[in-house]
Amino acid sequence: MFLSVFDLFKIGIGPSSSHTMGPMTAARRFLDEIAGDDWPRPAGAKVARIGASLHGSLAYTGIGHGSDRAVILGLAGQTPQTVDPDQADGIIGRITADKMISPPGHPSYHFDPATDLVLDRKTPLTGHANGMAFYAYDASGRLLLKRIYYSIGGGFVVSEEELQRMKAKGSVTSEGKKVPYPFKNAVEMLKMAAKSGLSIAEMKRVNEETQMSREDLDAGLDAIWGAMKSCIDRGLSQDGIMPGGLKVRRRARQLHDKLQEQWQQNRPNPLLANDWLSIYAMAVNEENAAGGRVVTAPTNGAAGTLPAVLRYWLHFHPEADQPSIRDFLLTAAAVGGIIKTNASISGAEVGCQGEVGSASAMAAAGLCAVMGGTPEQVENAAEIALEHHLGMTCDPVGGLVQVPCIERNALGAVKAVTAASLAIKGDGIHFVPLDAAIETMRQTGLDMNEKYKETSLGGLAVNVVEC
């Protein structure tokens, strides 16, 4: 079973990997399909108009998560990796005014967002909570092609057919990829580490290098950290009110300035590390909420936890260096792959335990590894962090990735550091295996009421008075 580090860490745009990056990617896939010859097009028929509908969680919280904007940008030919957040409003404004889209390599198509983009809360698609459909019509209004896609978390998008194959075989992203250390759970990972004498990061590196050169792998890992660091730095430099209507004010810059003042005055602060962790995480998630460029880790809604812990490692540990950053990311990706394979990283499937809980487990594993932890201690760190997020709901107020999401990432980072510290002081022997915590998360997600899974129909989303 192989899930690449670049599957889990995707550079893209906020505020949501499931609701923003996924729909944008799906729209691009639909464009590619109608441009091809692999669908039964009636003789002489030409696509003149395009439509789209969002269903399930995408319909309930699509406006707050920017799903409508993402679809428009995707149909305009943009991708999460390349879209310029500063240009997005202009692109959407022109399409709304002209009622036309002109993606590169295509003719112009009629597309009026007011009528051709529907948030359908009444018709759920059966494959996944994050479902969407795209339609192509000819000039007479005849339907030429309909395609259904599902955004399954972390920016992953699958077609209806791919979803069925994934359910039958385990993971659509792992087909056809043979690697030397194909662990699909933590038990297998630890057995392979013991037999090979390699660390988790070393095994993950060997797997990745069957797909690319060492130079390309290191360059890609450095680019991931570079994007994470840039996101932290941007978040620490911005202030003002975040978009969406809740009037939530950015706090990371103000808190950062206060900490810098205390740092320079050498004033004692027993909570100093926790404060820095929280500010780093908040900086990322404030950028995400504003639609800035972030890295899924493993999702946008949980994008701040892992970068905060990695920045903490560089801030407080003098032995931190570039190779340790790469080992951190490789170890975190190994754990994230196990979680995604055996449970979910989607808030719409299992609640926020699958997003911030997974992020905290990944960050705890990465930190424990670079602090010198054995594979058993690393597995223990991930288990501790995940166990203490079990049952966490996804209940964003107003459908926005702001409350409680921003602070939730900060606390996830604090839990990750605590978990790593506890694990590395032990011998790796512990009562609850990581695999058991992952299976518990999966079962809890199945039992969780839908109103607590990214629909904004329960929890804080209905108990907080919006001002």
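No hydrogens, no waters, no symmetry mates; every other heavy atom, side chains included, goes into these values.
- Residues Val464 and Val403 form no side-chain contact, since every pair of their non-hydrogen atoms from C-beta on lies 4.5 Å or further apart.
- With salt bridges taken as basic N to acidic carboxylate O contacts below 4.0 Å, one links Lys453 and Glu450.
- Between the side chains of Thr305 and Asn409, a donor-acceptor pair is found at a separation under 3.5 Å.
- Between Tyr149 and Phe30, the two ring planes are perpendicular [angle over 60°; tilted spans 30° to 60°].
- In this model, no donor atom of one side chain and acceptor atom of the other lie less than 3.5 Å apart for Gln260 and Gln264.
- Leu400 is not listed as a side-chain neighbour of Pro396, based on a closest heavy-atom distance of 4.5 Å or more.
- Side-chain atoms of Asp327 and Ser324 form no donor-acceptor pair, as typed in the model, at a separation below 3.5 Å.
- Summarising the geometry, atom CE belonging to Met242 is positioned 10.5 Å from atom CG belonging to Asn288; distances are rounded to the nearest 0.5 Å.
- With no hydrogens or angles considered, no side-chain donor-acceptor pair links Ser360 and His388 at under 3.5 Å.
- Panel note: side chain Glu286, backbone Ala283; no donor-acceptor pair is recorded below 3.5 Å.
- Atom CD of Glu376 has more than 12 neighbouring heavy atoms from other residues, nucleotides or ligands inside a 6.0 Å radius.
- In this structure, His315 and Tyr280 have tilted ring planes: the angle between them lies in the 30° to 60° band.
- The closest side-chain heavy-atom distance from Arg408 to Glu355 is not below 4.5 Å.
- With 3.5 Å as the limit, one finds a donor-acceptor pair spanning the side chains of Gln322 and Asp222.
- Note that Lys10 lies in the cation-pi zone of Phe156, set by a 6.0 Å cut-off to the ring centre and a 45° limit from the axis.
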